[in-house]
Novice: 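Have a look at this one.
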Amino acid sequence: QVQLVESGGGLVQAGGSLRLSCAASGRTFSSYPMGWFRQAPGKEREFVAAISWSATRTHYADSVKGRFTISRDNAKNTAYLQMNSLKPEDTAVYYCAARSGGNYVYISISEYAYWGQGTQVTVSS
């Protein structure tokens, strides 16, 4: 069982930056591929970024490519999402997710078994 806790959300002006963190419990974090998703009001949850357990592979949604960076520190059981050049359309609740098994990047909600409670990111224009 894995528990995930996100932090780092907040209110930022357009063009600003935030770094989200996802702290995981459990000694096997280093073997879990991780992902970040977001859900805006009235919209479905969507993929943002993913990273393999070894951090050798990453993948991004087209809407954030070049602006967001996913990373992880397995020694700290923590994954990160660095968000730069934020836009109002990035406003959403951001969720981190983990799955056990596989050393690839996974972009579908159904591929993840564990989810955090979410952290709100609001970008003002």
Side-chain angles (χ1 to χ4, degrees):
Q1 192 73 307
V2 177
Q3 290 187 326
L4 305 173
V5 178
E6 301 97 336
S7 61
L11 173 64
V12 64
Q13 288 188 332
S17 299
L18 283 174
R19 187 175 82 155
L20 305 183
S21 298
C22 175
S25 64
R27 290 176 289 181
T28 55
F29 170 81
S30 61
S31 66
Y32 290 163
M34 301 290 295
W36 285 94
F37 293 76
R38 67 186 182 186
Q39 188 166 17
K43 295 188 177 181
E44 295 186 348
R45 192 171 299 189
E46 65 176 6
F47 169 76
V48 175
I51 188 167
S52 61
W53 69 257
S54 61
T56 55
R57 297 181 177 95
T58 59
H59 186 72
Y60 298 90
D62 288 343
S63 59
V64 306
K65 200 172 295 182
R67 301 188 297 122
F68 290 11
T69 302
I70 188 171
S71 62
R72 65 190 298 157
D73 185 336
N74 288 341
K76 295 183 178 180
N77 279 12
T78 302
Y80 303 96
L81 185 68
Q82 177 67 45
M83 306 186 295
N84 298 329
S85 302
L86 283 161
K87 305 175 181 179
E89 51 263 43
D90 294 319
T91 295
V93 177
Y94 283 71
Y95 300 90
C96 67
R99 58 168 283 136
S100 58
N103 187 25
Y104 201 63
V105 288
Y106 302 88
I107 66 172
S108 297
I109 292 172
S110 61
E111 294 178 299
Y112 290 89
Y114 308 105
W115 292 83
Q117 82 290 348
T119 185
Q120 176 70 46
V121 171
T122 302
V123 184
S124 63
S125 58

Novice: What are the two closest non-hydrogen atoms of Phe47 and Tyr60, and how far apart are they?
Specialist: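 Shortest heavy-atom contact: CE2-C, 3.8 Å.
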Novice: Can you sort out the partners of Ser110 under side-chain contact (heavy atoms from CB on, under 4.5 Å), two or more places apart, ordered by chain and number?
Specialist: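 Partners of Ser110 by the side-chain contact (heavy atoms from CB on, under 4.5 Å) criterion, ordered by chain and then number, come out as Ser108.
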Novice: Report the C-alpha separation of Val121 and Met83 in whole Å, then their side-chain angles, then the decisive distance to 0.1 Å, and conclude whether the side-chain contact (heavy atoms from CB on, under 4.5 Å) test is met.
Specialist: CA-CA 10 Å; Val121 171; Met83 306 186 295; 3.8 Å; yes
Novice: Determine all donor-acceptor pairs shorter than 3.5 Å in which one atom belongs to a side chain in residues 10-24; sequence neighbours excluded.
Specialist:
unit_1	atom_1	unit_2	atom_2	d
Ser17	OG	Asn84	OD1	2.9

Novice: If Ile, Leu, Val, Met, Phe, Trp and Tyr residues are connected whenever their side-chain heavy atoms lie under 4.5 Å apart, and connections chain through other members, are Ile51 and Val5 in the same group?
Specialist: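 No, Ile51 does not connect to Val5 through the hydrophobic network.
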Novice: Looking only at heavy atoms, which two atoms of Gln117 and Tyr95 are closest? And how far apart?
Specialist: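 Heavy atoms of Gln117 and Tyr95 come nearest at O-CE2, 3.5 Å.
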Novice: Looking at residues at least two apart in the chain, or sitting in another chain, which of them share a side-chain contact (heavy atoms from CB on, under 4.5 Å) with Ser52?
Specialist: Ser54, Thr56, Arg57, Asn103
Novice: Might you point out which heavy atoms bring Val2 and Ser25 nearest each other, and give the distance in Å?
Specialist: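 For Val2 and Ser25, the tightest heavy-atom pair comes out as CG1-O, 3.8 Å.
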Novice: Looking only at heavy atoms, what is the nearest atom pair of Val64 and Val48, with distance?
Specialist: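 Closest approach of Val64 to Val48: CG2-O, 3.6 Å.
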Novice: Can Leu4 be reached from Tyr106 by stepping across I, L, V, M, F, W or Y side chains whose heavy atoms are under 4.5 Å apart?
Specialist: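 As far as the 4.5 Å side-chain criterion goes, Leu4 and Tyr106 are not connected within one cluster.
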Novice: State whether the side chain of Thr119 and the backbone N or O of Tyr94 hold a donor-acceptor pair below 3.5 Å, judged by distance alone.
Specialist: no
Novice: Is there a path of hydrophobic side-chain contacts, each under 4.5 Å between heavy atoms, that joins Ile70 and Val105?
Specialist: no
Novice: Any idea which heavy atoms bring Gln1 and Tyr114 closest together, and the distance?
Specialist: OE1-CE2, 3.1 Å
Novice: Please report the shortest heavy-atom distance between Trp53 and Arg72, naming the atom on each side.
Specialist: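 Distance-wise, the nearest heavy atoms are CA-NH1, 3.2 Å.
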Novice: Could you check whether atom CD of Gln3 has more than 12 heavy atoms from other residues, nucleotides or ligands sitting under 6.0 Å from it?
Specialist: no
Novice: Does Glu46 have any side chain to side chain donor-acceptor pair (under 3.5 Å) partners at least two apart in sequence or in another chain, and if so, which?
Specialist: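 Glu46: side chain to side chain donor-acceptor pair (under 3.5 Å) contacts with Arg38.
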Novice: How about Lys43: does its NZ atom have over 12 heavy atoms from other parts shown lying under 6.0 Å from it?
Specialist: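 No - once you tally the heavy atoms of other residues, nucleotides and ligands closer than 6.0 Å, there are 12 at most.
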Novice: Please check this pair: side chain of Glu6 against backbone of Cys96, looking for a donor-acceptor N/O pair closer than 3.5 Å.
Specialist: yes
Novice: Once side-chain contact (heavy atoms from CB on, under 4.5 Å) is applied, do any residues pair with Glu89, and if so which ones, sequence neighbours excluded?
Specialist: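 By the side-chain contact (heavy atoms from CB on, under 4.5 Å) rule, Glu89 matches Lys87.
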Novice: Just verifying a value: how many Å separate Glu44 CD and Ile109 CD1, rounded to the nearest 0.5 Å?
Specialist: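 Rounded to the nearest 0.5 Å, the CD-CD1 separation comes to 7.5 Å.
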Novice: Taking only distance into account, with no hydrogens and no angle test, what donor-acceptor pairs under 3.5 Å do side-chain atoms of residues 29-37 form with protein atoms, sequence neighbours excluded?
Specialist:
unit_1	atom_1	unit_2	atom_2	d
Ser31	OG	Thr28	O	2.8
Tyr32	OH	Thr28	OG1	3.0
Trp36	NE1	Tyr80	O	3.4

Novice: If hydrophobic clusters are built by linking Ile, Leu, Val, Met, Phe, Trp and Tyr wherever their side-chain heavy atoms come under 4.5 Å apart, do Val93 and Trp115 end up in the same one?
Specialist: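 Yes; tracing contacts between hydrophobic side chains, which count when under 4.5 Å, links both residues.
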